[in-house]
2 protein chains.
Amino acid sequence: MATIKDVAKEAGVSVATVSRVLNETGYVHEDTKKMVEAAIQKLNYSPNEVARSLYKRESRLIGLLLPDITNPFFSELARGVEDVLQKQGFRLLFGNSDEDPEKEQAYIHTFIQNQVVGIVSATNPAGKINYENIAIPTVFLDRASDEEYAVYADGREGGRIAAHEMIRRGSKKITILKGPTYIRPAQDRFQGALDVLAQADVEFSVVKTDAFSYQEAQKRAKGMFDLYPDTDGIIASNDLVAAAILHEALRLGKSIPDDIQLIGFDDIPLSSLLFPSLSTIKQPVYEMGKQAAQLLLKLIKKETISEQHIQLPVQFIERQTTRKVEDDG
Amino acid sequence: MATIKDVAKEAGVSVATVSRVLNETGYVHEDTKKMVEAAIQKLNYSPNEVARSLYKRESRLIGLLLPDITNPFFSELARGVEDVLQKQGFRLLFGNSDEDPEKEQAYIHTFIQNQVVGIVSATNPAGKINYENIAIPTVFLDRASDEEYAVYADGREGGRIAAHEMIRRGSKKITILKGPTYIRPAQDRFQGALDVLAQADVEFSVVKTDAFSYQEAQKRAKGMFDLYPDTDGIIASNDLVAAAILHEALRLGKSIPDDIQLIGFDDIPLSSLLFPSLSTIKQPVYEMGKQAAQLLLKLIKKETISEQHIQLPVQFIERQTTRKVEDDG
DNA sequence: TTGAAAGCGATACCAC
DNA sequence: GTGGTATCGCTTTCAA
């Protein structure tokens with residue numbers, strides 16, 4: 001690999017001059033510029049980012065921390081983040097935390113060691129990790145905390161919509177599947193559903209689903225039908241969980257949506273592929289990723305930020321796990 | 001951030017000594033070691049990776065290039081790669097290429113600029129990118145090329161199995177969905193299926209599916225049923241495509257697997273969630289990611305490699321889109 | 001066993 | 001306009 005020195009020698013100028021044409025900073029004669037550019041071409045020179053980072057004390061890297069890229073929700077989020085950052089010339093340093101505080105801490109640590117200019121984190125740590133005393137601009141995704149910058153969807157409203165749609169479609173004995181309490185969006189959805197159910201003329205029960213994963217949900221699904229065999233409406237904590245429920249219900253010979261209605265959360269690609277396809281509360285996942293990246297960019301450029309939190313709207317997607325009704329708003 | 005200098009001053013020694021205890025290299029008295037460690041503790045010092053990389057001319061970063069992390073096949077692959085590399089203290093610099101040679105080239109370029117120690121690439125570029133003159137150890141995933149290190153599944157055998165299973169389950173008019181020719185594994189599967197069909201007593205036809213995506217496949221599915229309305233067996237180029245076909249078939253009122261049998265490829269998580277659940281040729285995706293990472297690690301450590309190519313076996317997963325038969329092997 | 005000093009490859013300040 | 005050089009934070013000879 002050629003260095004700036006080689007280029008300088010080749011062009012017969014100093015490294016300072018080469019640096020100037022490289023960064024278009026300061027004056028440099030048109031002719032010498034030409035020479036330098038020729039030398040760069042000839043040597044196929046490309047500046048060493050590491051040396052640059054060392055001097056500037058910051059890189060062109062951004063840390064991205066997710067619970068698990070294998071979860072379609074997070075990979076969609078990641079894509080949104082990447083698409084905007086990549087265009088601005090930033091690169092992603094990426095890690096899966098598995099909701100493990102130690103892993104999370106380790107990644108944050110190496111992010112810092114590598115002098116990232118910013119961090120996007122979608123983790124929901126049980127313990128509280130030290131993001132506070134990090135000088136690095138950080139945006140949280142799908143996770144709200146009052147003191148920090150964050151982008152997330154309106155989970156509470158989503159919960160309300162889900163409960164409302166379920167009730168107006170005639171379910172009388174509703175079961176809410178509640179995600180982990182420490183995961184804020186999950187808690188919000190639950191609260192939203194509760195808001196509506198508490199005021200409505202229906203029975204309901206609450207079942208905990210510890211994790212968001214399909215495997216976990218599959219086990220719970222069995223238990224749930226044992227416990228509440230006459231449930232006629234289920235509000236799942238997310239689409240993956242809903243898929244598990246759907247499978248189990250079908251296995252038990254229940255008719256959906258006639259015996260049981262089912263509403264998920266997220267609208268991951270899977271949801272429209274299920275049969276019957278899943279009615280769900282759609283989060284603008286890709287858009288959330290984009291907005292987080294844009295917010296981070298502003299933070300990095302030290303632009304003024306109008307609001308620390310960006311809350312995006314959710315939307316009911318009517319598919320085949322809920323019954324049709326007359327449109328009454 | 002404290003630097004090595006600060007630590008040296010605090011401990012009353014030279015930076016060289018600090019460096020020695022940091023890297024456990026060379027002699028250092030037990031007592032001074034204690035002092036240095038105390039200073040490190042006190043200042044909460046952690047070495048700057050960037051400076052280290054600059055001197056060593058290589059980082060602890062590894063570049064990972066994928067077509068699209070949003071595709072469950074690739075996110076699973078990524079997870080396998082990450083899980084082994086992360087444990088060895090390496091971090092991932094990650095990018096989506098979208099099968100776009102320019103993007104791919106750009107990422108490779110920044111990987112080099114950031115002095116990655118290795119690259120894992122799962123892209124299938126139409127044009128030929130310059131990996132050749134890169135001195136950096138590179139392992140290709142899900143893509144075979146004679147001169148390079150690669151990990152992939154036995155696509156040809158997979159194609160054979162798919163065709164065989166389809167025939168022994170009684171399909172007489174089979175349609176093969178053929179992925180892009182320039183994607184080697186897709187071509188292999190196609191060839192494998194052809195191997196068997198050519199010798200069998202059945203009719204068959206071939207339909208091209210340009211991309212691997214669901215959206216693309218959805219369009220093709222319609223066309224396919226128009227063109228070959230009496231097909232009674234479909235071998236899809238992958239599970240995403242199979243899902244689209246399944247949906248379209250159901251929409252047309254076809255009965256599966258009675259009217260039409262369907263076999264996919266990959267066994268992504270989605271496949272078992274479809275209804276009816278998808279019979280498919282399973283690739284050991286996560287394992288492929290792991291093996292690629294392990295191979296890369298060997299390459300980096302300059303260990304001797306017994307074989308440049310690692311081919312992993314595939315396996316028929318019988319689910320509900322194929323008919324049951326007596327077990328005749 | 002330890003320290004001084006020369007790099008690694010870039011940037012930017014200060015002279016000229 | 002251009003060049004010399006200190007500097008970023010670390011590793012590694014080479015002497016002492």
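A, B, ... follow the sequence lines: proteins, then strands. Residue 1 opens every chain.
Rounded to an integer number of Å, the gap from A:I112 CD1 to D:dG9 P is 15 Å.
At D:dT2, none of the side-chain N or O atoms of A:T17 fall inside 4.0 Å of OP1 or OP2 (strictly under the cut-off).
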Protein-proximity profile, nucleotides 7-16 of chain C, B/S/- by nucleotide at the 4.0 Å heavy-atom cutoff, equals BBBBBBB---
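A side-chain contact (heavy atoms from CB on, under 4.5 Å) with A:D6 holds for exactly one of A:I40, A:L43, A:V18, A:V15; it is A:L43.
Under a 4.0 Å N-O distance rule, the pair A:E49/A:R60 does not qualify as a salt bridge. Ion pairing of A:K87 with A:D83 is absent here, as no side-chain N (NZ or NE/NH1/NH2) approaches a carboxylate O to less than 4.0 Å.
Looking at A:Q115 and A:S59, their side chains never bring a donor and an acceptor atom within 3.5 Å of each other. No side-chain donor-acceptor contact under 3.5 Å links A:Q113 and B:N48. For the residue pair A:E287 and A:Q291, a side-chain donor N or O sits within less than 3.5 Å of a side-chain acceptor on the partner. With 3.5 Å as the limit, one finds no donor-acceptor pair spanning the side chains of B:R20 and B:T25. One side chain, B:T110 or A:R91, offers a donor N or O that lies under 3.5 Å from an acceptor on the other.
Taken residue by residue, residues 26-40 of chain B places heavy atoms nearer than 4.0 Å to DNA chain C at B:Y27, B:V28, B:H29, B:T32.
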